[in-house]
Undergrad: 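Sharing a structure with you now.
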Amino acid sequence: MNFSSHSPSCNLPLGDGVFVPEWRPNFLTSKISVALILVTIVNLLVSPLTIFLNVLVIIAVKTTPQLRNKYNSLLACLAGTDIMTGALGQPLFIAELIYRLTGRPASEFCIIPHAARRLSRAFVLISLQHLAFISIERYISIKFPFKYDNIVTKRRLIVSVVLAWSLVFLAILFPFYKLSVLNSLYHVFAIFLAIFILVFCRIASYHEARKRMREITTQSARAKFLKAKKALKTTSFVIGLVLLCYLPMALFRIFLGSFISSPDAFLAVESLMLTFALCNSGFNPVIYCARSRQYRRAFKKRLCRANYVQPI
């Protein structure tokens, strides 16, 4: 349903004619209060945990020789994006929820929901682009194992990551409110391009892996290939979880939201879907631990060293 009739100065356009309705104090019923309190508590717990776990990933990659490779460097870059989500996206969303719970009108905190959703949208796009880079890197490692070091260079990785961040933040900082159609087209194109790369690289990588497995004859080559294949599966888990977390929000904004006629119910469901999407940033380190013994050892070493007290 289009809520654009509600004080358009503070409505949040989500694209495709869908708007988040402006918050009003009379929306704060007992049921909505309970829902907002629960969502706030979840975000308050997940936000610092997301920052801590992803900082741990970056430290592990930086200080562990076995993890210092191009694949884990890209995972560390993805962890940096997740840190930004936990440090900026979720706190802004928490501030919005707290303002709602105080019963204040949206005109007093209009900038906060705008900033929260614009940043969350940017972090989604950056995460998808990082995952696209990781998928391309995994495909090259399996398709061209002997040319891998010549194709995937440190310089190219740095340029790719910097370009991804630059394009997204230019879209945020540039005054696109005058060019809303262009802004929407840019985001849609970037998202669909990233998803296309993810799907293509997944299918092509598994096809190449099956083909190369039959061609390998030596034990050392088999061991190296199995290591690359395990990394490919880890990336698949990360991508699958990202899609699982963001798909409900996408479906809600594109299809399901239009069937909700009550503005307060729309805001409650939208807050729940956004929370589910933001919490994804804290799941990736858990996947790395579950899939990699080296990450488990590195995390354990860092935590044990942090808990160690020098005797007097």
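Being a predicted model, the structure only gives us computed values, none of them experimental. What's counted below: heavy atoms across the whole structure, side chains too, no hydrogens, waters or symmetry copies.
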Undergrad: With the 4.5 Å side-chain cut-off for hydrophobic clustering, are L267 and V42 part of the same group?
TA: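 Not linked; separate clusters.
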Undergrad: Which pair of non-hydrogen atoms, one from P285 and one from F299, has the smallest distance, and what is that distance?
TA: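 Smallest interatomic distance, heavy atoms only, reads O-CE2, 4.0 Å.
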Undergrad: Cluster question for you: counting only ILVMFWY and a side-chain heavy-atom cut-off of under 4.5 Å, with indirect links fine, are V269 and L101 together?
TA: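 Yes, because V269 and L101 connect within a single hydrophobic cluster, where side-chain heavy atoms sit under 4.5 Å apart.
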Undergrad: Decide yes or no for V238 and I134: does some side-chain heavy atom of the first lie under 4.5 Å from some side-chain heavy atom of the second?
TA: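 Side chain of V238 against side chain of I134, heavy atoms only: no contact under 4.5 Å found.
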Undergrad: So, for R296 and A290, which heavy atoms are closest and what is the spacing to 0.1 Å?
TA: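 For R296 versus A290, the nearest heavy atoms are NH1-O, 3.4 Å.
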Undergrad: Do the charged groups of D149 and K70 touch, with an N to O distance under 4.0 Å?
TA: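 The answer is yes: the pair qualifies as a salt bridge.
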Undergrad: Within the side chain of S47, is there an N or O that forms a donor-acceptor pair under 3.5 Å with the backbone of N43?
TA: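 No; judged by distance alone, with no hydrogens or angles, the pair does not exist.
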Undergrad: So which heavy atom on V61 is nearest to which on R68, and how close?
TA: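 In terms of heavy atoms, the two residues are closest at O-CG, 3.3 Å.
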Undergrad: If you look at every heavy atom in L78 and N284, which pair is closest and at what distance?
TA: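 Heavy-atom minimum between the residues: CD2-ND2, 3.8 Å.
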Undergrad: To the nearest 0.5 Å, what is the distance between CZ (R155) and OG (S160)?
TA: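 These two atoms lie 11.5 Å from each other.
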Undergrad: With sequence neighbours left out, what residues match M84 under side-chain contact (heavy atoms from CB on, under 4.5 Å)?
TA: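 In terms of side-chain contact (heavy atoms from CB on, under 4.5 Å), with neighbours along the sequence ignored, M84 is linked to L88, F123, W165.
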Undergrad: Spell out, yes or no, whether L74 and I239 are grouped together once hydrophobic residues are joined by side-chain heavy atoms under 4.5 Å, including indirect joins.
TA: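 They do share one cluster, since a chain of ILVMFWY contacts under 4.5 Å joins L74 to I239.
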Undergrad: How many angstroms lie between atom OG1 of T50 and atom CG of L45, to the nearest 0.5 angstrom?
TA: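 Going from OG1 on T50 over to CG on L45, the span is 10.5 Å.
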Undergrad: How about C279 and C245: do any of their side-chain heavy atoms sit closer than 4.5 Å?
TA: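 Answer no - side chains too far apart.
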Undergrad: Can you confirm whether more than 12 heavy atoms, excluding those of R291, are under 6.0 Å from its CZ atom?
TA: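 Atom CZ in R291 is packed in, count exceeds 12.
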Undergrad: Nearest 0.5 angstrom please: I140 CD1 to E208 CD, how far?
TA: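 Going from the CD1 atom of I140 to the CD atom of E208 covers 12.0 Å.
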Undergrad: With sequence neighbours left out, write down each residue that passes salt bridge (charged side-chain N to carboxylate O under 4.0 Å, His left out) with R100, or none if nothing qualifies.
TA: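 Listed in chain order: E96.
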Undergrad: Are the side chain of N72 and the backbone of L75 linked by a donor-acceptor contact shorter than 3.5 Å?
TA: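 Not at all, since once roles are kept as given, no pair shorter than 3.5 Å links the two residues.
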Undergrad: Check the pair Y148 / E137 against side chain to side chain contact (heavy atoms under 4.5 Å, CB included), numbers first and verdict last.
TA: CA-CA 9 Å; Y148 173 82; E137 184 270 344; 2.4 Å; yes
Undergrad: Which atoms form the tightest heavy-atom contact between T85 and P91, and what is the distance?
TA: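 Heavy atoms only, the tightest pair is O-CD, 4.3 Å.
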Undergrad: Residues sharing L44's hydrophobic cluster, by side-chain heavy-atom contacts under 4.5 Å among ILVMFWY, directly or via others?
TA: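 Grouped by the 4.5 Å side-chain rule, I94, I98 form the rest of the cluster around L44.
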Undergrad: At what distance, to the nearest 0.5 angstrom, does OG1 of T275 lie from CD1 of I41?
TA: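 Going from OG1 on T275 over to CD1 on I41, the span is 12.0 Å.
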Undergrad: Test side chain to side chain contact (heavy atoms under 4.5 Å, CB included) on T63 and R302 and set out the steps.
TA: CA-CA 9 Å; T63 59; R302 292 294 105 193; 3.8 Å; yes
Undergrad: If you define the side chain from C-beta out and look only at heavy atoms, does anything of L193 sit under 4.5 Å from Q129?
TA: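 No; the side chains remain at least 4.5 Å from each other.
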Undergrad: When you measure from the side chain of S292 to the backbone N and O of Y295, does any donor-acceptor pair fall under 3.5 Å?
TA: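 Pair found, side chain donor or acceptor close to backbone of Y295.
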Undergrad: Among pairs that include at least one residue of residues 63-104, which meet ring pair (Phe, Tyr, Trp, His ring centres under 6.0 Å), considering only residues two or more places apart or in two chains?
TA: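 Non-adjacent pairs meeting ring pair (Phe, Tyr, Trp, His ring centres under 6.0 Å): Y99-F109.
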Undergrad: Measuring from atom CG of L97 to atom CH2 of W23, what distance do you get when rounded to the nearest 0.5 angstrom?
TA: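 Interatomic distance, L97 CG to W23 CH2, rounded to 0.5 Å: 9.5 Å.
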Undergrad: Taking side-chain contact (heavy atoms from CB on, under 4.5 Å) as the test, write out the residues that go with L247, two or more places apart.
TA: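 Per chain and number, L247 pairs via side-chain contact (heavy atoms from CB on, under 4.5 Å) with L251.
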Undergrad: What is the minimum heavy-atom distance between S205 and I142, and which atoms define it?
TA: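 Taking every non-hydrogen atom into account, O-CG2, 4.1 Å.
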Undergrad: Using modelled atom types only, decide if a donor and an acceptor are shared between the side chain of N54 and the backbone of S281 within a distance under 3.5 Å.
TA: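 Pair found, side chain donor or acceptor close to backbone of S281.
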Undergrad: Can you tell me how far apart CD1 (I136) and CG (L198) are? Round to the nearest 0.5 Å.
TA: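 Taking CD1 in I136 and CG in L198, the distance rounds to 9.0 Å.
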Undergrad: Between S236 and Y206, is the side chain to side chain contact (heavy atoms under 4.5 Å, CB included) condition met? List the steps.
TA: CA-CA 10 Å; S236 298; Y206 281 109; 2.8 Å; yes
Undergrad: So V242 and F283, side chain to side chain contact (heavy atoms under 4.5 Å, CB included) or not? Walk me through it.
TA: CA-CA 9 Å; V242 167; F283 295 148; over 6 Å; no
Undergrad: Please identify each residue that fulfils side-chain contact (heavy atoms from CB on, under 4.5 Å) with L163, with sequence neighbours left out.
TA: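 Per chain and number, L163 pairs via side-chain contact (heavy atoms from CB on, under 4.5 Å) with L167.
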Undergrad: Is I197 linked to I203 within one hydrophobic cluster, defined over Ile, Leu, Val, Met, Phe, Trp and Tyr using a side-chain heavy-atom separation of less than 4.5 Å?
TA: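 I197 and I203: one cluster.
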Undergrad: Give a yes or no on whether V159 and L157 share a hydrophobic cluster (residues Ile, Leu, Val, Met, Phe, Trp, Tyr; joining criterion: side-chain heavy atoms under 4.5 Å apart).
TA: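 No, no single cluster joins them.
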